Structure formats: C-alpha cells, structure tokens
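In what follows, a structure is listed as structure tokens, so that the remarks can point back to it.
Here the structure is a predicted model, which is why all the values come from computation and not from measurement.
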Amino acid sequence: MMKLIGIILLLLSNLIYAQKIIENDSLKKYSFLDLKIKFDNYYYRDKTKESTLIAKYFLQKAKNENNESQIGEGYMLMQFDATFTDALKYIDSVKIYSTKLDKKVYPAKIYLLRGNLYFKFDYFKQALDSYILALRYAKENKNERQIAFTELNIAFLQNYIGKYKEAAKTFRYYLYNGKVLYNKSV
C-alpha cells in the first residue's frame, strides 16, 4: 500500500514538473514587454502561481541574455509575490541593476517600490521615509509622473492613518490635474 502511494506521488510530481516545463516553453515566444503584460494580467486577477512562474521566467530570460535592465525589471516583478524579507532583497537587487538605467526614473522608482512594500506590511514610518526619498529623487529629476504617484501614495498613507484633510487636498488636486499620471515615464 505504501509503495502504491509513493508511486502515485512520484507520478504526480513528474506530471507537475512536466507541466511547468511546458508552460516555460510556451513563454519562450514572448518578448519582455509581452511577459510584463502577461504578468500583470495574472497578478491583478489573483493568480499568483501563474504570475510567479512568469516573473521567474522573465528574470531567467534576462539573465540568460545578460540584459541588465531587464534583470532589474525581473527582480521588480519577483518582489510582488514574495514574502516581506524576500521582497526587500529583490528591491535591493533592482537597486544594484538600476545604476546603469535611466536616471530620470531611478532611484525614485526603487523608493516607491520600497514604500509600497512597507505600506503593504503596515510599516508606516518606513513607508513614509521611503516615499519622502522617492519624492526627493523625482523632484531632482523633474519626473512629474513619479512626483504625482509619490504624492498620491503619501496621501493614501495619510488617509489610512486618519489625516483625512491632508489626503483630501492631494486627491482633489490630482482629480482635476491628473493627466500627468498617464505620461509613460515611470
């Protein structure tokens, strides 16, 4: 009886492994942009198993091609489904690869990611500290979209901790001046 259960478990694990190989093979035909779109489609529909598989494939593809900018993007995707500790490590890896990337976007983007992670796990002081750094770098680089997103994230934090009037000012401002949010420079 134990041998039968062992054989069934072995067959099931081989089947699952074969399925993952097939899924990875099916991802080969996609560009990095296509993979990001697929990741978003799965991630925002709460299909974390699929989004995690896509993020891992994305990162491995970037490493295989020695594409440093995409390696940074791969680590960015990896942090979305990770535990708090692992997500911080992935964001630190993004920071390492971002030194050669667009200075108008980085390092503000890293601090935005870090702030969002802290906020997600209820570390509000660290979230605010990260958002303030993101805002500083976004202003230094005159990146209006990042300034807007950072100010909105700070407003969400203010709203969450009960500073409704301060948050409302920012929300109202971007309600009527929100076209900067659709600029694709972040």
> Which heavy-atom pair separates Lys95 from Ile110 by the least distance, and what is that distance?
Replying inline: CA-CD1, 3.3 Å

> If only atom types and distance count, is the side chain of Arg114 paired as donor or acceptor with the main-chain N or O of Ser130 below 3.5 Å?
Replying inline: no

>> Side-chain heavy atoms nearer than 4.5 Å, only ILVMFWY residues, links allowed to pass through others: does that put Phe119 and Leu133 together?
In response: no

> Atom CD in Glu73, atom CG in Asn67: separation rounded to 0.5 Å?
Replying inline: 10.0 Å

>> Is the distance between the ring centroids of Phe58 and Phe39 under 6.0 Å?
In response: no

>> Would you say that Tyr118 contacts Leu88 through its side chain, given a criterion of any heavy-atom pair below 4.5 Å between the two side chains?
In response: yes

> So, for Tyr43 and Phe80, which heavy atoms are closest and what is the spacing to 0.1 Å?
Replying inline: OH-O, 3.5 Å

> Under a single-linkage definition using a 4.5 Å side-chain heavy-atom cutoff for Ile, Leu, Val, Met, Phe, Trp and Tyr, are Val105 and Tyr137 assigned to the same hydrophobic cluster?
Replying inline: no

> Can you list the steps and then say if Thr150 with Asn153 is a side-chain hydrogen bond (donor to acceptor under 3.5 Å, both in side chains)?
Replying inline: CA-CA 5 Å; Thr150 305; Asn153 284 335; 5.7 Å; no

> Between Lys125 and Asp129, is a salt bridge (Lys or Arg N to Asp or Glu O under 4.0 Å) present by the stated rule, with each step listed?
Replying inline: CA-CA 6 Å; Lys125 167 118 177 50; Asp129 291 344; 3.0 Å; yes

> Any luck finding a side-chain donor-acceptor pair between Tyr173 and Glu151 under 3.5 Å?
Replying inline: no

> If you look at every heavy atom in Ile71 and Ala62, which pair is closest and at what distance?
Replying inline: N-CB, 3.5 Å

> So do Ile91 and Tyr75 actually touch side chain to side chain, heavy atoms under 4.5 Å?
Replying inline: no

> Are Leu175 and Phe171 close enough, and set up right, to give a side-chain contact (heavy atoms from CB on, under 4.5 Å), and what steps lead you there?
Replying inline: CA-CA 6 Å; Leu175 176 64; Phe171 292 140; over 6 Å; no

>> If I compare all heavy atoms of Gln79 with all of Ala87, which pair ends up nearest, and what's the gap?
In response: O-CB, 3.6 Å

>> A side-chain contact here means heavy atoms from C-beta on lying under 4.5 Å apart; do Tyr90 and Met76 qualify?
In response: no

> Can you check side-chain contact (heavy atoms from CB on, under 4.5 Å) on Tyr106 and Val94, steps first, answer last?
Replying inline: CA-CA 10 Å; Tyr106 294 93; Val94 173; 4.2 Å; yes

>> Are Tyr123 and Phe84, when compared by the centres of their aromatic rings, separated by less than 6.0 Å?
In response: yes

> Taking the six-membered ring for Trp, are Tyr160 and Phe124 ring centroids under 6.0 Å apart?
Replying inline: yes

> Taking side chain as C-beta onward, heavy atoms only, is Leu53 less than 4.5 Å from Lys49?
Replying inline: no

>> Using every non-hydrogen atom in the two residues, find where Ile54 and Leu35 come nearest and quote the distance to one decimal.
In response: CG2-O, 3.5 Å

> When you look at Leu135 and Ile147, which way does the side-chain contact (heavy atoms from CB on, under 4.5 Å) test go after all the steps?
Replying inline: CA-CA 6 Å; Leu135 188 58; Ile147 292 168; 3.9 Å; yes

> For the rings on Tyr111 and Tyr131, is their centre-to-centre separation under 6.0 Å?
Replying inline: no

> Minimum heavy-atom separation for Gln146 to Ala138, with atom names?
Replying inline: CB-CB, 3.7 Å

> When rounded to the nearest 0.5 angstrom, what is the spacing between CZ in Phe149 and CG in Leu152?
Replying inline: 7.5 Å

> Are more than 12 heavy atoms from other residues, nucleotides or ligands located less than 6.0 Å from atom CZ of Phe156?
Replying inline: no

> Shared ILVMFWY cluster between Ile132 and Leu157, side chains joined below 4.5 angstrom?
Replying inline: yes

>> Please report the interatomic distance NZ(Lys36) to CG(Asn41), rounded to the nearest 0.5 Å.
In response: 14.0 Å

> Between atom CG of Leu27 and atom NZ of Lys29, what is the distance when rounded to the nearest 0.5 Å?
Replying inline: 9.0 Å

> Do you reckon Leu128 sits in the same ILVMFWY cluster as Ile161, going by side-chain contacts under 4.5 Å, direct or chained?
Replying inline: yes

> Run the side-chain contact (heavy atoms from CB on, under 4.5 Å) check on Asp92 and Ile96 step by step: do they pass?
Replying inline: CA-CA 6 Å; Asp92 287 342; Ile96 291 167; 5.6 Å; no

> Would you say Lys163 has more than 12 foreign heavy atoms packed within less than 6.0 Å of its NZ?
Replying inline: no

> So do Glu65 and Gln70 actually touch side chain to side chain, heavy atoms under 4.5 Å?
Replying inline: no

> Which value, rounded to the nearest 0.5 Å, describes the distance between Asn159 atom CG and Tyr164 atom OH?
Replying inline: 6.5 Å

>> For the backbone of Lys104 and the side chain of Asn143, can you confirm whether one donor and one acceptor N or O come within less than 3.5 Å of each other?
In response: yes

> Is the shortest heavy-atom distance from the side chain of Lys38 to the side chain of Tyr30 under 4.5 Å?
Replying inline: yes

